[in-house]
Amino acid sequence: MSAIQPITMPKWGLSMREGLVAQWNVAEGAVLRVGDEIAEIETTKITNVFESPVAGQLRRRIAKEGEAIPVQGLLAVVADAAVPEAEIDAFVLAYQAEFGTRAAAAAADEPQPELLTAGGRALRFLKLGEGDGTPAVFIHGFGGNLNSWLFNQPAVAAGRATYAFDLPGHGGSTKAVGAGDLGALAGALADFLGACAIERAHLVGHSLGGAIALALALGEPARVASLTLIGSAGLGPDINMGYIESFIAANRRKEMKAALSELFADPALVSTEMVNDVLKYKRIDGVEAALRAIAGSAFAGGRQAAVLTARLGELAAPAQCIWGTADRIVPVEHAAHLPASITVHRLAGAGHMVHMERAGDVNKLIDAFAGA
Amino acid sequence: MSRKTYRQAVSEALRHEMRRDLRVVIMGEDVSGGLGAPGEQDAWGGPQGVTKGLMPEFGRGRVLDTPISESAFIGAAAGAAATGLRPVAELMFVDFMGVCFDQIFNQAAKFRYMFGGRAVTPLVIRTQYGAGLRAASQHSQSLYPIFTHIPGLKVVLPSSAYEAKGLLIQAIRDDDPVVFFEHKALYDDEEEVPDEAYTIPFGEANLTREGSDATIVAFGRMVKFANQVADSLEQDGIGCTVIDPRTTSPLDSDAILDSVAETGRLVVVDEASPRCNMATDIAALVAEHAFGALKAPVRMITPPHTPVPFAPELEDAYIPSPARIEEAVRGVLAAKR
């Protein structure tokens with residue numbers, strides 16, 4: 001095959017406009033497989049490893065290290081060794097010439113978060129992908145929002161619809177949380193599935209979102225095709241209450257940066273933009289009360305109120321756990337007490353936000369599990 | 001969340017707080033328009049249309065058109081604040097402070113202190129400032145340093161639509177007198193602004209850009225210019241931290257000192273006249289507390305010490321420009337020490 005394939009700047013999250021190629025991990029001439037780590041890309045939010053979306057010989061690195069490239073801008077060219085250099089030159093010229101129109105068209109039909117009403121609550125969600133595959137639904141953790149899944153949702157959206165939504169009290173959803181306990185939040189998830197006419201879904205939950213997914217899988221097994229629980233709550237009594245309290249209390253940049261640093265194994269991943277985004281959310285009327293209500297119910301007395309480990313044998317759906325071994329919020333030790341039917345993937349050195357820190361690995365695990 | 005102008009952001013903040021708290025009232029010249037006259041009602045909504053639509057929703061009892069007498073209505077607002085209301089008074093142009101300054105600096109600013117902490121004065125004075133609209137020297141000044149000088153007043157300079165909404169809601173909920181400076185050249189600037197009410201705390205600077213080569217501290221409209229300069233310099237590999245202090249009183253000194261400790265180079269951009277303005281204040285702060293960190297003399301980019309000119313060419317030359325800011329940043333980077 002002589003096709004020439006472009007590798008272009010990925011789009012991680014709604015607000016990403018460009019990325020900086022911090023480092024190339026492969027040299028020209030290397031033969032790439034899909035999923036090989038080819039470069040480190042730095043955005044205003046976070047730095048992450050970029051995995052090759054295509055296979056073939058890396059013929060040309062277009063972007064230089066330290067160069068900022070717009071989303072969909074050309075990073076590199078992959079082609080068979082037989083393709084002459086002149087053809088590659090022509091391909092690059094043509095791509096760059098068309099790039100403006102292509103980028104404008106892509107920006108115009110870029111998916112945007114939407115609002116729906118489910119069980120009387122306004123919930124914000126982002127839908128990506130279409131297809132016959134069983135849909136996947138992503139549930140973020142305490143204090144997060146649908147953007148927590150910026151590296152994951154697009155990677156799982158081939159051949160199926162995927163939904164990430166904001167829990168009550170979070171993001172662009174209602175700030176009314178009711179009792180704020182696991183039952184109320186699992187009810188919101190059930191209502192969300194109903195409002196989107198999703199009969200059955202693969203659930204991917206992080207932290208508190210994992211406990212919510214688990215509660216739904218136990219309560220309404222017919223609606224859950226599989227469970228991927230990431231740094232999940234609901235599997236043991238411990239929770240870093242110092243983090244929860246400092247996150248709720250922080251309304252200034254320095255305090256918030258210190259709090260968020262606990263989420264990552266590498267605190268350098270906490271960018272100013274990430275801190276500003278969280279502060280913008282925290283400043284909205286009703287958010288602090290909502291977070292206090294949820295923390296007061298779900299983590300009463302500094303312990304997880306709902307430990308569902310004893311009921312895991314009842315699970316009808318297959319379940320897997322993914323945990324960063326350096327998780328400072330929900331300890332990886334909780335994974336030691338799970339039944340053998342649940343596969344546990346421990347990712348060495350990753351923190352609580354393992355799905356951001358090690359997105360490539362986590363995406364492969366989700367995709368393989370949901371595809372099986 | 002949707003894109004809103006600075007004008008809409010200010011208006012939304014007022015509407016949120018008037019709905020939330022019956023004690024919030026608005027007063028000023030033509031804040032609605034038409035009181036006592038047979039003609040069109042609510043024709044104005046202030047000179048920028050910010051308060052238009054509030055009178056039909058909240059009534060004449062809460063949106064008060066006042067006589068053209070700043071001394072009377074600013075004084076009335078201060079008294080109303082001390083006795084239980086939360087008035088938002090509109091001083092059309094800050095240049096008119098001269099006729100009502102006793103009510104502000106010697107009355108409102110002193111109540112809490114003179115009554116031993118047993119009185120609060122939740123007064124907000126919204127006012128327009130700044131050059132660029134061909135409004136001549138009596139309608140174009142940037143007089144915020146004068147208010148910053150007075151203990152007992154809080155002074156706010158929102159630099160964008162998002163900032164304006166959150167800072168105004170904070171100002172209305174604050175129990176001290178707040179002077180809220182709206183730059184008249186920013187009213188049509190747009191950005192994403194949440195639909196919900198939210199507050200931005202006073203005394204917490206915003207870092208709108210981050211870089212390790214130089215620090216630019218800028219106020220109000222000058223933040224926008226500083227951001228443009230930082231973006232342009234970034235293309236040349238020069239990284240600037242841009243600090244928007246948001247409030248000149250209280251001032252987030254730590255943010256400025258921390259940044260200068262990292263970069264060692266400081267440019268302050270201030271649209272106020274150059275003597276005794278925020279630029280001199282911050283230069284002094286850094287000279288006193290971070291002198292050892294400085295790798296170059298501090299540069300202050302300000303207008304010249306003249307009235308704001310009326311001739312368009314002269315007015316344009318008067319206002320600190322992105323080009324002058326960029327030249328100053330390149331200058332501090334070139335300095336050898």
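Below, chain A is the first sequence line, B the second, and so on; all start at residue 1. Side chains included, hydrogens not; waters and symmetry mates left out as well; all remaining heavy atoms used.
- For the atom pair OH (Y162(B)) and CG (N276(A)), the distance works out to 8.5 Å, reported to the nearest 0.5 Å.
- For the pair D285(A)/E196(B), no side-chain contact is recorded, criterion being any heavy-atom separation below 4.5 Å from C-beta on.
- The shortest non-hydrogen separation linking T272(A) to L207(B) is CG2-O, 4.2 Å.
- Across all non-hydrogen atoms, the minimal contact from N251(A) to P201(B) is O-CG, 3.8 Å.
- For chain A, the nearby part of D258(B) is the side chain; its heavy atoms alone come within less than 4.5 Å.
- Scanning both residues, R252(A) and F202(B), for their nearest heavy atoms gives NH2-O, 3.2 Å.
- Heavy atoms of K280(A) lying under 4.5 Å from chain B belong to its backbone as well as its side chain.
- Among E234(B), R20(B), Q170(B), E204(B), the residue making the largest number of heavy-atom pairs under 4.5 Å with chain A is E204(B).
- In this structure, chain A has heavy atoms under 4.5 Å from both the backbone and the side chain of I200(B).
- Residue R173(B) touches chain A through its side chain alone, counting heavy-atom pairs closer than 4.5 Å.
- Looking only at heavy-atom pairs under 4.5 Å with chain B, the residue among E273(A), R283(A), K254(A) that has the most is R283(A).
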